[in-house]
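Everything on this sheet refers to the single structure shown next.
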Amino acid sequence: MPYLVLRIEIITTRDWTQWLDTRRAEGLERRLRVGQSPQGVSMRVDGRELLTFCSNDYLGLANHPDIVAALQMGAARWGVGSGAAHLVNGHFEPHDALEFALAEWLRVDRSLLFSTGYMANLAVVGGLVGRGDTVVADKLNHASLVDAAQLSGATLRRYRHGDMADARRQLMRATGTRMLLTDGVFSMDGDVAPLADLMALAEEFDAWLVVDDAHGFGVWGEEGRGSLSELGLIDAGVPEYLVQVGTLGKAFGTAGAFVAGASQPVEVLLQRARSYLFTTAQPPALAVATLASLSIVKSATDLRASWRARVAEFKRGLPPGIELMPSQTPIQPVLVGDSTQAVAWSTRLADAGLWVPAIRPPTVPQGASRLRVTISAAHTPAHVEHLTNALTGLGFTQNPDFPPPP
Ligand SMILES: *Cc1c(COP(=O)(O)O)cnc(C)c1O
């Protein structure tokens, strides 16, 4: 009932005070912090030096000198703005070269560049399915996949996280063209989708399988080819029904995103995806920078070994009684439960010189607020020790009442 009253008030008075106050009271208010030094494992933020455990810059490439130099050279050669959408006159040689290089790296026919991963997801789902079709999606998928499914007009059927029996039930009830939609590595939990089972379901039900591996590409797999490669599922080639989405703003350290797959679905996106057609192409200089990043990513075996070593040290160094989520990736969330509690811990860690963000609803389910620790290849053993010592020293406690799995 109070919810209803609130809605009426919003609609009739256009006054959001009560909504804002409620969010504050529930520990759900979000606040911007201003970085005063480049992205990195140590940053100056709002006048303080903080050791960061929150970015998705998993290989520490966001401020890599070779990539910075490539961006500068790219700007000197190609200018700043692309000036138009790809299909008008905004598509340049560096874009083309990067699309070719990404496709070659992933051993697929073709790839298509987007300005952000959010837009790439809108394109893949809305481009390949629509009214009368069915999207079968994991309940913990990234918000952009949820939005993409809703915007597509297809029926959205969500299965319990990682529950393949539930996914199969939803597929059996599905009408029209079917699409299985999943994160590769789940962004807030760090676990990996059951990709082998999803591939089998896609084959059985003649469905598309769209894997958004935003947190997998670069991070693991042979030459950084992501989760499907890490699990050995594409050694024999990438099947035609499989479409992969990657973002370039995470392990690649640049910005933008790509869709990669067989020629036909990629061509369909180029022809009709609205978030491809009706937006300005990313700057060509950025594509030059990402080409430099891709060549580092492919050979970054040492960096991939490095984050794994830091994750192992983090797990070993935690005080007794702290349980992590089942994650083998750089995403190592510490479940707290209550939002206010999570914010309080994040604040105490900041006072100890550490930036570990509290992740709260609606990013995660109610009662599942957490400290989302992310480890980077750029962290040193001393950095990780600083974090585990702080968690120990502050007497960090975890709510023993784990929320039931969603
Ligand atoms: C970050 C993220 C996106 C969005 O990518 P951007 O390039 O940041 O827009 C999409 N999907 C997942 C799973 C993500 O983690």
Side-chain angles (χ1 to χ4, degrees), residues 30 39 54-59 61-62 95 98-99 102 111-127 135 137-152 158 161-162 179-195 198 209-221 226-228 230 243-260 269 273-276 279-283 286-287 289-290 293-294 297 325 327 329-333 357 359 362-365 370 372-376:
R30 286 149 193 260
Q39 175 60 250
C54 46
S55 87
N56 304 311
D57 181 23
Y58 301 118
L59 300 182
L61 299 183
H95 296 128
L98 177 56
E99 285 177 345
L102 287 166
S111 87
L112 199 62
L113 281 177
F114 286 83
S115 300
T116 70
Y118 199 120
M119 294 170 75
N121 283 335
L122 294 186
V124 175
V125 185
V135 173
D138 192 291
K139 274 200 175 152
L140 290 192
N141 275 352
H142 189 263
S144 60
L145 292 174
V146 179
D147 294 359
Q150 276 167 352
L151 200 60
S152 73
R158 298 169 87 189
H161 180 50
M179 176 184 279
L180 279 161
L181 185 61
T182 186
D183 283 24
V185 172
F186 285 88
S187 56
M188 295 301 135
D189 293 59
D191 58 333
V192 186
L195 294 167
L198 286 165
L209 171 59
V210 175
V211 178
D212 171 359
D213 208 11
H215 302 271
F217 286 124
V219 169
W220 62 5
S227 303
L228 288 150
E230 178 70 20
V243 180
Q244 299 180 75
V245 183
T247 173
L248 301 167
K250 288 170 181 157
F252 276 82
T254 60
F258 62 86
V259 171
L269 300 192
R274 298 171 68 84
S275 61
Y276 184 77
T279 195
T280 303
Q282 60 169 252
L286 190 58
T290 303
S293 172
L294 176 60
V297 162
M325 295 177 147
S327 163
T329 65
I331 304 168
Q332 292 292 329
I359 305 290
T363 313
V364 292
R370 63 199 64 178
R372 181 177 180 263
V373 173
T374 55
I375 308 275
S376 157

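Start at 1 and go down the list; that is how both ligands and their atoms are numbered.
A257 does not count as a contact of ligand 1, since none of its heavy atoms falls under 4.0 Å from the ligand.
For S327 (side chain) and Q332 (main-chain N/O), no donor-acceptor pair under 3.5 Å exists by modelled atom type.
Between atom OG1 of residue T182 and atom NE2 of residue H161 there is a gap of 8.0 Å, rounded to the nearest 0.5 Å. Atom NE2 of H95 and atom CG of L286 lie 7.5 Å apart (nearest 0.5 Å). The distance from atom OG1 of T290 to atom CD of E99, rounded to the nearest 0.5 Å, is 11.5 Å. Atoms CG and CG, from D183 and L140 in turn, are 8.5 Å apart once rounded to the nearest 0.5 Å. Between the CG atom in L195 and the CD atom in E230 there is a gap of 11.0 Å [rounded to 0.5 Å].
Close contacts of ligand 1 with S144, meaning ligand atoms under 4.0 Å from a residue heavy atom, involve 10 (C), 11 (N). In the vicinity of N121, heavy-atom distances shorter than 4.0 Å reach the ligand 1 atoms 10 (C), 11 (N). Shown in contact with S187 at under 4.0 Å from a heavy atom are these atoms of ligand 1, numbered in order with element: 15 (O).
Contacts between T116 and ligand 1 below 4.0 angstrom, taking non-hydrogen atoms only, involve backbone and side chain alike. The proximity of N56 to ligand 1, defined as any non-hydrogen pair under 4.0 Å, does not occur for either the backbone or the side chain. Contact annotation: for H215 versus ligand 1, heavy atoms closer than 4.0 Å belong to the side chain alone.
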Can you list the steps and then say if D213 with S227 is a side-chain hydrogen bond (donor to acceptor under 3.5 Å, both in side chains)? CA-CA 7 Å; D213 208 11; S227 303; 2.8 Å; yes
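When the heavy-atom distances from atom 9 (O) of ligand 1 to F186, Y118, F252 are ranked, the shortest goes to Y118.
The shortest contact between atom 8 (O) of ligand 1 and any protein heavy atom is with T247 OG1, 4.2 Å. For atom 2 (C) of ligand 1, the nearest non-hydrogen atom of the protein is K250 NZ, 2.3 Å. The protein atom (non-hydrogen) at minimum distance from atom 13 (C) of ligand 1 is D212 OD2, 3.2 Å.
A 4.5 Å side-chain heavy-atom check between Y58 and I375 finds every atom pair outside the cut-off.
Residue G117 has at least one nitrogen or oxygen atom sitting less than 3.5 Å from a nitrogen or oxygen atom of ligand 1, judged on distance alone.
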